[in-house]
2 protein chains.
Amino acid sequence: MRPTVHDVAHAAGVSLATVDRVINGREGVRASTVQRVEAVIRQLGFVRNQAAANLAKGRVYRIVFIIPEGANTFMRRLESEAREAGRQMAPDGIELCVVTAPAFDGQALADILNGLDPNEIGGVALVATEAPPVRQALARLHSANVPVVTLVSDAPSFQRHRYVGIDNVAAGRTAASLLGRFLRGVSGKIALVAGSMLVRDHVERRMGFDQVIRTEYPNLEALPVVEGRDDRPSTRRIVEECLDRDPDIVGLYNIGAGNLGLIEALSERPTERRPMVVAHELSVHTRAALESGLFHAIINQDAGHEVRSAIRTLRSLTDQRTLIEGQEHIRIEVYLRDNLP
Amino acid sequence: MRPTVHDVAHAAGVSLATVDRVINGREGVRASTVQRVEAVIRQLGFVRNQAAANLAKGRVYRIVFIIPEGANTFMRRLESEAREAGRQMAPDGIELCVVTAPAFDGQALADILNGLDPNEIGGVALVATEAPPVRQALARLHSANVPVVTLVSDAPSFQRHRYVGIDNVAAGRTAASLLGRFLRGVSGKIALVAGSMLVRDHVERRMGFDQVIRTEYPNLEALPVVEGRDDRPSTRRIVEECLDRDPDIVGLYNIGAGNLGLIEALSERPTERRPMVVAHELSVHTRAALESGLFHAIINQDAGHEVRSAIRTLRSLTDQRTLIEGQEHIRIEVYLRDNLP
DNA sequence: CTGAAAGCGCTTACAG
DNA sequence: CTGAAAGCGCTTACAG
């Protein structure tokens with residue numbers, strides 16, 4: 001059997017309460033006692049039983065997820081994954097509360113954050129909007145010692161404990177390398193479609209993309225970004241305009257959402273006049289586009305993984321549980337038709 | 001506060017013991033009582049506190065990992081990830097026991113399996129060797145109700161509860177699509193290097209690779225597999241021979257291990273005479289090869305993920321915990337220089 | 001600075 | 001078929 005606090009207390013000649021104080025690094029124990037207890041812990045190889053600790057603390061760990069509203073497939077996926085994780089985590093005393101906030105609305109997001117009672121919650125995960133009211137709301141939570149992680153889209157200058165998501169510059173570079181390689185020996189232009197160049201992730205992806213195309217693929221020229229506002233009809237329209245205007249387009253990188261509009265625009269063109277396409281996020285639609293040959297690669301981030309990583313990260317900031325770094329790294333996943341999950 | 005067994009017992013007018021019997025589906029409760037208790041559980045929204053249950057059961061959940069010995073980088077990675085996970089899981093009452101077995105030695109593996117006492121262990125994860133003694137050993141564990149998962153390399157016809165690893169046919173297809181795309185407009189041959197065609201994963205990858213090259217890339221011809229026994233000097237030698245013999249080689253797919261030998265063989269050739277290379281498994285060496293342009297893509301499976309997935313899967317077979325399927329899917333990861341973790 | 005005792009929410013013999 | 005009581009390994013007021 002594994003040694004328990006009783007064994008440690010007995011061997012060190014102290015009470016349970018003192019062992020508890022030492023284990024949890026609480027104040028009010030003479031230094032010599034601390035050392036004695038710690039020696040015994042090492043000697044016996046004591047490891048705290050987390051189940052018992054949680055039980056005794058009788059704490060339910062409440063985590064709030066705040067996710068943007070709207071038709072964005074990825075955000076809806078994130079939301080359903082959060083609810084699913086909430087169900088799975090319930091037996092472990094973790095209570096997830098998932099709320100949605102108007103997209104791109106800093107004030108609305110800040111209002112939600114300001115409505116949270118720091119004593120009631122153990123952590124917050126949010127898709128950040130980089131706006132001043134959000135900065136202030138996060139500062140308040142920070143000073144109340146509420147752990148916060150940003151999800152998917154970071155706000156590096158705001159107070160948060162960690163960013164859980166992909167490196168978007170690297171994602172853009174990856175898109176460029178794929179298109180560059182797939183267009184070996186071909187000269188022409190590449191169309192770039194984004195939702196809005198006001199959003200950090202889109203800007204960062206664009207940056208990474210340009211870095212690689214400019215320095216490594218002189219045969220290709222990236223056109224200025226056209227913005228489709230991440231919605232279906234406008235994306236469709238701007239892609240059509242773009243392809244009609246410029247017959248030299250041999251590749252297309254969709255930096256943001258709006259894949260449905262893109263698929264519609266591409267479908268109506270004759271096969272031989274379709275560009276090589278790299279887009280983001282796996283969904284039923286992009287998967288079908290990949291399988292039919294309309295898209296050539298998808299760059300994806302795993303929404304379920306992000307949710308679970310956020311939960312583990314937040315919990316580790318309250319429990320003294322250590323994380324396995326490798327488990328928390330969010331991969332830039334590359335999918336071809338052949339390695340679809 | 002969440003309802004507890006006490007609340008359920010009170011509301012249903014039964015004792016704690018009866019509630020416990022119903023929750024855990026144990027025998028010996030009148031059907032009408034079961035229904036009454038279940039109704040209350042639903043009504044109150046009772047969810048069992050897993051921490052308390054584990055504590056009361058006082059059970060440490062012992063899992064045995066059996067991993068092949070030898071210099072194979074991936075297997076060593078798997079071993080260290082298992083030990084790391086063991087450390088992280090200890091507070092949750094999971095005790096990992098990691099042992100190594102001579103590689104490709106069915107009898108040795110079977111001996112280890114036969115030495116396990118079914119009453120002492122909660123589950124087994126092993127890299128399977130498809131040999132008759134292993135089949136028998138797994139049958140014995142199966143009839144003793146010990147959950148077993150195969151790791152990395154499956155033995156589909158043996159008794160195991162699940163395979164935790166990638167789909168190797170799909171991995172081979174992915175390699176083919178990458179090389180096919182990267183070699184657009186180029187005609188020539190592709191060298192295939194494996195460890196041994198007696199191992200299931202290598203055979204399956206080869207099969208997937210051929211499927212795609214034959215049907216979609218008439219400009220490319222896959223040469224017969226040469227076997228490098230997954231070691232450095234022989235892989236180096238056969239790659240050198242192969243490239244010297246055939247100046248038409250424009251691509252190379254390393255199906256197995258032995259990447260160090262491959263890197264040596266490639267390094268000594270002039271840049272313009274090097275083929276496009278796709279290989280398996282990320283390591284310090286393959287990462288460097290990718291960064292320097294010697295390799296063009298790496299297909300990887302995440303050893304840490306596999307280990308943790310095996311643990312969750314085994315535990316779910318004992319606890320009645322349900323898995324999130326998406327979390328247990330092992331991805332066929334594609335890395336270019338730009339999306340390295 | 002230290003300790004005795006109660007309690008967290010389950011499960012487990014044991015008794016009936 | 002059902003229940004009363006003890007116990008799992010921690011933590012928490014409270015007393016000293």
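Every chain is numbered from 1, with letters handed out A, B, ... down the list of sequences. The figures that follow rest on heavy atoms only: side chains count, while hydrogens, waters and symmetry mates do not.
Atom pair His10(B):NE2 and dG9(C):P shows a separation of 16 Å (rounding to whole Å applied). Atom-to-atom, OH of Tyr61(B) to P of dC8(D) comes out at 23 Å; the value is rounded to the nearest Å. In this structure, the CZ atom of Arg2(A) is 15 Å from the P atom of dC8(D), given to the nearest Å. Between Ile41(A) atom CD1 and dG9(D) atom C1' the separation is 14 Å, expressed in whole Å. To the nearest angstrom, C1' of dT12(C) lies 11 Å from NZ of Lys57(B). Here dC8(D) presents its C1' atom at 16 Å from CZ of Arg48(A), a figure rounded to the nearest Å.
The shortest heavy-atom contact between Leu126(A) and Val148(A) is CD2-CG1, 3.6 Å. Nearest heavy-atom pair across Arg140(B) and Pro118(B) is NH2-CD, 3.7 Å.
The side chain of Ser15(A) contributes no N or O atom lying less than 4.0 Å from OP1 or OP2 of dA4(C). An OP1 or OP2 oxygen of dT2(C) is reached within less than 4.0 angstrom by a side-chain nitrogen or oxygen of Arg30(A). Distances shorter than 4.0 Å separate some side-chain N or O of Arg26(A) from OP1 or OP2 on dT12(D). Phosphate proximity of dT2(C) to Thr33(A): present, with a side-chain N or O under 4.0 Å from OP1 or OP2.
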In dot-bracket, 5' to 3', how would DNA chain D read with Watson-Crick or G-U wobble pairs under 3.5 Å, [ ] for crossing ones and | for pairs to another strand? |||.||||||||.|||
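At a threshold of 4.0 Å, the pair Arg77(B)-Glu81(B) counts as salt-bridged, since one of the basic side-chain nitrogens sits closer than that to a carboxylate oxygen.
Where Leu55(B) and Ala17(B) meet DNA chain D, the nucleotide closest to each residue was compared, and Ala17(B) sits on the side nearer the 5' end.
A salt bridge (Lys or Arg N to Asp or Glu O under 4.0 Å) with Glu328(A) is found for exactly one of Arg162(A), Arg315(A), Arg308(A), Arg312(A), namely Arg312(A).
Residues Ile121(B) and Ile63(B) fail the side-chain proximity criterion, which asks for heavy atoms closer than 4.5 Å. Proximity of Arg331(A) to Arg331(B): side-chain heavy atoms (C-beta onward) are separated by under 4.5 Å at one or more points. In this structure, Asp7(B) and His10(B) have side chains that are not in contact, with every pair of non-hydrogen atoms separated by 4.5 Å or more.
Here dC14(D) is the nucleotide among dC14(D), dG3(D), dG9(C) with the atom lying nearest to any side-chain atom of Arg21(A). Considering only side-chain atoms of Ala56(B), the nucleotide from dG9(C), dG3(D), dC10(D) that sits closest is dG9(C).
When only modelled atom types and interatomic distance are considered, Ser157(A) and Arg135(A) share a side-chain donor-acceptor pair under 3.5 Å.
Looking at His142(B), its side chain never comes within 3.5 Å of a backbone N or O of His161(B) through a donor-acceptor pair.
Of all the residues in residues 86-93 of chain B, not one reaches under 4.0 Å from DNA chain D with any non-hydrogen atom.
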